[in-house]
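Okay, structure first, notes after.
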Protein chains: 2
Amino acid sequence: MTTPGRGLHGRVLDTLGPAITAGEYPPGSVLRTDELAQRFEVSRSVMREAVRVLESMHLVESRRRVGVTVRPAAAWNVYDPQVIRWRLAGADRPRQLRSLTVLRSAVEPVAAALAATHATAEQCAAITECAIGMVAHSRGHKLEGYLLHDVAFHRLILTASGNEMFARLGDVVEEVLAGRTHHEVMFDDPDPAAVTLHVQVAEAIREGDATRAEHLTREITEGALKELDILAP
Amino acid sequence: MTTPGRGLHGRVLDTLGPAITAGEYPPGSVLRTDELAQRFEVSRSVMREAVRVLESMHLVESRRRVGVTVRPAAAWNVYDPQVIRWRLAGADRPRQLRSLTVLRSAVEPVAAALAATHATAEQCAAITECAIGMVAHSRGHKLEGYLLHDVAFHRLILTASGNEMFARLGDVVEEVLAGRTHHEVMFDDPDPAAVTLHVQVAEAIREGDATRAEHLTREITEGALKELDILAP
DNA sequence: AGCCCATTAGGTACGACTAATTCAAGCCCT
DNA sequence: AGGGCTTGAATTAGTCGTACCTAATGGGCT
């Protein structure tokens with residue numbers, strides 16, 4: 001995935017970030033740079049750089065004479081891929097997964113509709129290939145192969161929408177899908193109906209049928225939501 | 001808005017960030033920390049902190065023996081409020097505004113539907129108040145007052161949806177709406193039809209009619225898209 | 001109550017040293 | 001002779017530690 005620990009400050013972040021997003025330090029908690037530097041056995045310079053990054057994510061706020069105070073969760077940059085990963089690794093993973101899936105259910109249908117009118121021939125071919133790949137890995141405990149094509153499928157559609165904001169949600173979708181396969185209860189084989197829907201979405205996009213692509217994609221995301229309801233009502 | 005220049009490194013970012021997002025340094029461009037420190041007349045420590053922040057936004061990548069290389073736009077954290085502000089201040093503001101409006105058109109209808117079933121009585125009251133405020137400022141060149149209520153209206157709905165990912169898009173909506181009022185051509189008074197739609201959305205949410213809230217909100221966002229088409233086809 | 005000042009923790013600057021990576025010169029082997 | 005590999009020198013970010021500045025804060029004084 002992403003390079004863990006590109007430098008000492010990155011190592012520090014890999015510990016501090018998850019700790020903060022996990023609520024280990026409640027909002028308003030005050031940390032001191034020097035104390036943190038000692039705790040992590042790094043120089044103040046390194047700790048300052050780490051704090052700066054946390055600050056840019058709005059996880060903390062640095063004020064003179066006070067220290068580094070933890071900000072309430074409502075202020076966090078929850079779209080930062082790093083923050084998303086930290087939170088998905090934490091305790092409220094289910095809630096996080098649900099939020100992200102709801103976001104998917106809002107974005108992906110619209111993205112699919114746009115893809116139906118904007119996708120190039122190459123993109124259509126790639127999307128179709130992914131759908132075929134999903135079918136090929138839909139039976140016989142080939143979950144890893146299925147996941148790979150599933151992620152690529154949704155990422156391609158988001159990209160083909162031509163909207164950069166949508167395109168950048170590819171990472172989010174990947175996290176959600178990977179999480180479902182790896183951490184949550186996943187039925188031995190994917191739902192055949194879902195596989196069919198993916199094939200049909202590919203069809204609709206290829207044919208330039210925006211409305212159909214949108215509705216079919218909505219069915220997929222609603223299925224994902226129902227799946228979550230079953231696991232954690 | 002946000003505090004401009006919380007420290008020297010912030011001052012540097014206020015210049016470097018917009019420059020990079022504006023494409024002033026094409027992808028692959030190499031900057032050197034020391035050179036930048038000299039150019040901005042700050043110490044290396046300060047410049048390093050600034051670079052760390054840019055790195056956390058995926059605007060640049062810092063590698064030994066190479067320098068600080070500018071990453072392609074596709075890698076940028078376009079959901080970072082700071083990045084959004086920088087890009088909106090730059091040359092491709094129209095494209096950016098369009099991307100964000102498309103995002104709104106995907107998210108807000110779903111958020112409104114959720115708000116219809118999740119909003120508390122207090123939230124319903126606040127939303128209604130905003131709609132009333134919009135009506136009150138809809139005639140006679142009261143654009144600032146109108147904007148204020150418009151922003152609050154959409155922000156409240158996003159919050160009332162109960163989904164934190166939606167809630168955090170309040171800043172985005174504010175930027176878009178503020179941009180429309182301040183920088184783009186804005187008709188002297190807002191479209192009466194749009195004002196009515198807002199009132200009706202408030203109604204639907206109050207009555208718990210999710211489907212109606214969703215459809216009405218979709219009309220609002222589609223109107224916003226059409227407005228953009230007129231300005232920049 | 002209001003003002004003043006000592007305290008405190010972050011902010012900035014500088015200098016020295018480390019480490020990784022690139023590039024190229026030089027070598028060996030084919 | 002040419003191509004690929006090794007080695008080393010140059011370069012730039014990374015880390016550390018120190019010294020000093022600045023501004024909030026809280027308590028004590030008037």
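Keep in mind the model is a prediction, meaning the values are calculated, not measured. Letters go in sequence order (proteins before strands), and every chain restarts at 1.
- A salt bridge between B:E164 and A:R87 is present, with a side-chain N of the basic residue lying under 4.0 Å from a carboxylate O of the acidic one.
- Residue B:V46 has its side chain nearest to C:dT12 when only C:dG10, C:dT12, C:dC23 are considered.
- Note on B:S45: a base of the nucleic acid sits closer than 4.0 angstrom, heavy atoms only.
- In this model, no donor atom of one side chain and acceptor atom of the other lie less than 3.5 Å apart for B:R63 and B:T69.
- Side chain of A:L8, nearest nucleotide from D:dG14, D:dC16, C:dG11: D:dC16.
- Distance from the side chain of A:V42 is smallest to D:dC16 among C:dT8, D:dT12, D:dC16.
- Distances were taken from every side-chain heavy atom of B:T33 (C-beta onward) to each of D:dT25, C:dT12, D:dA13; the shortest belongs to D:dA13.
- Side-chain proximity of A:R64 to D:dA23, C:dT12, D:dA13: nearest is D:dA23.
- If you check every strand for non-hydrogen atoms under 4.0 Å, B:R63 touches sugar and phosphate atoms only.
- The closest side-chain donor-acceptor pair between A:E49 and B:H9, if any, does not fall under 3.5 angstrom.
- Residue contacts for A:R32: at a heavy-atom cut-off of 4.0 Å it reaches the sugar-phosphate backbone alone, with no base atom in range.
- In terms of polar N and O atoms assigned as donor or acceptor, the side chain of B:R6 never comes within less than 3.5 Å of the base of C:dG11 in a complementary pairing.
- Nearest nucleotide to the side chain of A:R65, out of C:dA13, C:dT7, D:dC16: C:dT7.
- Salt-bridge check for A:D150 with A:R180: passed, with a basic side-chain N closer than 4.0 Å to an acidic carboxylate O.
- Atom CG in A:D34 sits about 8 Å away from atom C1' in C:dG10, given to the nearest Å.
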